[in-house]
Amino acid sequence: MTNILLHPAYFGPIDQFVAFAKADEVIFENEDNYQKQTYRNRQYIYGANGKLLLNIPVQHAHNDGEHQLYKEVKIENNFHWQRDHWRSLQTAYRTSPFFEYYEDDFAPLYEQKQVYLLDFNYHCLEVVLAALSLDISFSKTTEYMEHPENCTDLRNLIVSKREHPKNQTRYAQVFEEKHGFLKNLSVLDLIFNEGPAALEHLKNEG
């Protein structure tokens, strides 16, 4: 049995879902400190001009040196980030083969304001799992797992500045003729381009 330990992400990159699709059980780290420059509040999609960052604004701790628990981080809703992110997704993927098929499933995520980033990311996860038809059990930690046992620690997959897979299998992308194949984008890129075949793609990766 393969058990893996992951951080919840804003949808999450493809390699995180490759690990997800191959696991028997997923444990989510629910008790860690929030860190910047990670997929906790960002995703990269394929826009008309290439790789496009979508970043959720968050309310940071008042003191720069003060640690803030991920589960306590609030979304900064004074910005119209939901409207902007949804418009960006529509612009990027409206001509993809399966955007219209999944559009009504993902749109509600950008219509109702959420208070906590972690809660929003779990909502995103539920919609992605349904879109992938991926039925897998997951649990959440109740204390920080500094040295996890009986599971593979893949929490590093949340870091956006890390080295990405070199041999990720190509699939058709909307703007590939303009900018080439872009690796390890948000799992949404795979879903909107591959549709029901996305899960098999993930399982066959690596």
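Annotation: side chain to side chain donor-acceptor pair (under 3.5 Å) contacts of Arg83 (sequence neighbours excluded): none. Qualifying salt bridge (Lys or Arg N to Asp or Glu O under 4.0 Å) partners for Glu163, counting only residues two or more places apart in sequence or in other chains: Lys166. Under the rule for a side chain to side chain contact (heavy atoms under 4.5 Å, CB included), the partners of Gln82 that lie at least two apart in sequence or sit in another chain are Asn77, Tyr110, Lys113.
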Can I get a per-line list of side-chain donor-acceptor pairs under 3.5 Å for residues 121-137, giving both atom names and the distance, sequence neighbours left out?
| from | atom 1 | to | atom 2 | distance (Å) |
| --- | --- | --- | --- | --- |
| Asn121 | ND2 | Arg40 | O | 2.8 |
| Asn121 | ND2 | Tyr70 | OH | 2.7 |
| Tyr122 | OH | Asn30 | OD1 | 2.6 |

Counting only pairs under 3.5 Å, give me each side-chain donor-acceptor contact of residues 192-206, with atom names and distances, residues two or more places apart or in other chains.
| from | atom 1 | to | atom 2 | distance (Å) |
| --- | --- | --- | --- | --- |
| Asn193 | ND2 | Asp189 | O | 2.8 |
| Asn204 | ND2 | Glu200 | O | 3.1 |
| Glu205 | OE1 | Thr169 | N | 3.2 |
| Glu205 | OE1 | Thr169 | OG1 | 3.0 |
| Glu205 | OE2 | Thr169 | N | 2.8 |
| Glu205 | OE2 | Thr169 | OG1 | 3.4 |

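With hydrogens and angles disregarded, no donor-acceptor distance shorter than 3.5 Å links the side chain of Ser160 to the backbone of Tyr39. Glu29 places a side-chain N or O within 3.5 Å of a backbone atom of Glu31 that can act as its donor or acceptor partner. For the pair Lys178 (side chain) and Ala48 (backbone), a donor-acceptor distance under 3.5 Å is present. Judged purely by atom type and a 3.5 angstrom limit, Asp153 has no side-chain atom pairing as donor or acceptor with the backbone of Pro148. Counting only distance, with no hydrogens or angles, the side chain of Asp24 and the backbone of Thr2 share a donor-acceptor pair below 3.5 Å.
Distance check, rounded to the nearest 0.5 Å: CD1 of Ile4 to CD of Glu25 gives 10.0 Å. Atom CG of Leu188 sits about 7.0 Å away from atom OH of Tyr93, to the nearest 0.5 Å. In this structure, the separation between CE on Met145 and CZ on Arg155 is 7.0 Å, given to the nearest 0.5 Å. Between atom NE2 of residue His179 and atom CD of residue Gln173 there is a gap of 11.0 Å, rounded to the nearest 0.5 Å. Interatomic distance, OG1 of Thr95 versus CZ of Phe175, reported as 5.5 Å (0.5 Å rounding). Separating the SG atom in Cys151 from the CD1 atom in Ile27 is a distance of 4.5 Å, to the nearest 0.5 Å.
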Report task. Please report the C-alpha distance between Asn184 and Gln168 in whole Å, then the side-chain angles of each, then the deciding distance to 0.1 Å, and finally whether the side-chain hydrogen bond (donor to acceptor under 3.5 Å, both in side chains) criterion is met. Result -> CA-CA 7 Å; Asn184 213 40; Gln168 203 165 68; 3.1 Å; yes
Report task. Report the C-alpha distance between Lys71 and Tyr116 in whole Å, list the side-chain angles of each, state the deciding distance to 0.1 Å, and finish with yes or no for side chain to side chain contact (heavy atoms under 4.5 Å, CB included). Result -> CA-CA 7 Å; Lys71 65 183 181 181; Tyr116 291 98; over 6 Å; no
**Report entry** CA sep, side-chain torsions, deciding dist, call: Ile75, Trp81, side chain to side chain contact (heavy atoms under 4.5 Å, CB included)
**Finding:** CA-CA 10 Å; Ile75 296 173; Trp81 69 271; 3.4 Å; yes
Report task. Walk me through it: do His60 and Glu76 pass the test side chain to side chain contact (heavy atoms under 4.5 Å, CB included)? Result -> CA-CA 9 Å; His60 294 292; Glu76 181 53 83; over 6 Å; no
Query raised in the report: After noting the C-alpha distance and the side-chain angles of Leu69 and Asn33, does the key distance pass the side chain to side chain contact (heavy atoms under 4.5 Å, CB included) rule?
Result: CA-CA 4 Å; Leu69 290 176; Asn33 289 326; 3.5 Å; yes
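Taking 4.5 Å as the limit, every side-chain heavy atom of Tyr10 sits out of range of all side-chain heavy atoms of Leu117. Looking at Val159 and Gln35, their side chains never come closer than 4.5 Å, going by heavy atoms from C-beta outward. Val26 places a side-chain heavy atom less than 4.5 Å from the side chain of Phe20.
Environment of CD in Glu111: crowded, with over 12 heavy atoms of neighbouring residues, nucleotides or ligands closer than 6.0 Å. The neighbour count for Asn156 CG, taken as heavy atoms of other residues, nucleotides or ligands under 6.0 Å away, is above 12.
Note on residues 97-109: no pairs pass side chain to side chain donor-acceptor pair (under 3.5 Å), not counting sequence neighbours.
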